[in-house]
Amino acid sequence: MPQRKINVAIVGLGFGKEFIPIYQRHPDAHMYAICQRTQARLDEVGEQFGVDKRYLDYESLLRDPEVDAVHINSPIHLHASQSIAALKAGKHVACTVPAATSVGECEEIVAAAQRSGKNYMMMETSIYTREFLFVRELRDSGKSNSCGALTSRRWRDGPGIGKVFRPCTMPPTP
């Protein structure tokens with residue numbers, strides 16, 4: 001029997017709207033709903049991407065039994081509380097960075113994920129930027145094969161992390 005697609009709801013449609021086409025193209029995801037505090041923005045993005053299920057209120061979205069996973073792109077000060085609320089509501093959570101604004105909030109997220117049995121993922125999403133996806137599509141479509149490799153580098157520095165130089169490379173075109 002085929003596995004049912006995961007119904008995803010995106011919260012916050014500034015940066016968050018960039019993920020709608022990714023979920024729409026993913027074979028295991030259904031771009032089910034969007035959530036935004038302003039009606040005009042909610043309708044604009046919903047119409048642009050053909051998403052019919054729309055919420056102005058985050059709590060109403062969490063009460064929808066059809067939502068399997070929530071992708072949080074709201075203002076930073078809401079990340080932890082919204083992640084915890086979604087986990088308590090039985091939803092899987094993906095949240096843009098940072099996950100929280102304190103170690104205590106991080107501990108609360110971990111505890112909520114453990115209690116719920118749902119997945120939590122803090123998403124460092126730089127690999128999914130428009131620029132990366134555009135170059136990858138050029139390569140994959142055969143429109144350009146002059147890009148032998150795409151590499152990015154980032155400094156990661158912070159308490160408990162140390163300075164780590166992490167290269168990320170897209171494999172060359174065969």
State whether the side chain of Y120 and the backbone N or O of S83 hold a donor-acceptor pair below 3.5 Å, judged by distance alone.
no
Using 30° and 60° as the class boundaries, would you call the ring planes of F19 and F15 parallel, tilted or perpendicular?
perpendicular
Give me the atom names and distance for the closest heavy-atom approach of I84 to E108.
CD1-CB, 3.6 Å
Flag, side chain of Q24 to backbone of F49, donor-acceptor distance under 3.5 Å:
yes
Does R4 pair with D68 as a salt bridge, N-O distance under 4.0 Å?
yes
Kindly say whether A40 contributes a backbone atom to a donor-acceptor pair with the side chain of T38 at under 3.5 angstrom?
no
Answer yes or no: is there a donor N or O on one side and an acceptor on the other, between the side chain of H79 and the main chain of C95, under 3.5 Å?
no
Within a strict 4.5 Å, meaning less than it, do heavy atoms of the L62 and V67 side chains meet?
no
Nearest non-hydrogen partners of V8 and M31, listed with the distance:
O-CE, 3.4 Å
What's the shortest heavy-atom distance between A99 and I109, and which atoms?
O-CD1, 3.6 Å
Heavy-atom check, side chain of H71 versus side chain of T96, under 4.5 Å
yes
Side chain H92, main chain N119, donor-acceptor under 3.5 Å:
yes
State whether the side chain of E105 and the backbone N or O of T101 hold a donor-acceptor pair below 3.5 Å, judged by distance alone.
yes
Between the side chain of R41 and the main-chain N/O of L13, is any donor-acceptor distance below 3.5 Å?
yes
Hey, which of D52, N7, D64 is the one that makes side chain to side chain donor-acceptor pair (under 3.5 Å) with Y32?
D64
Hydrophobic cluster identity match, I72 and V110, side-chain contacts under 4.5 Å
no
In the single-linkage hydrophobic clustering (I, L, V, M, F, W, Y; side-chain heavy atoms under 4.5 Å), do Y58 and L78 co-cluster?
no
Is the shortest side-chain N to carboxylate O distance from E47 to R54 below 4.0 Å?
yes
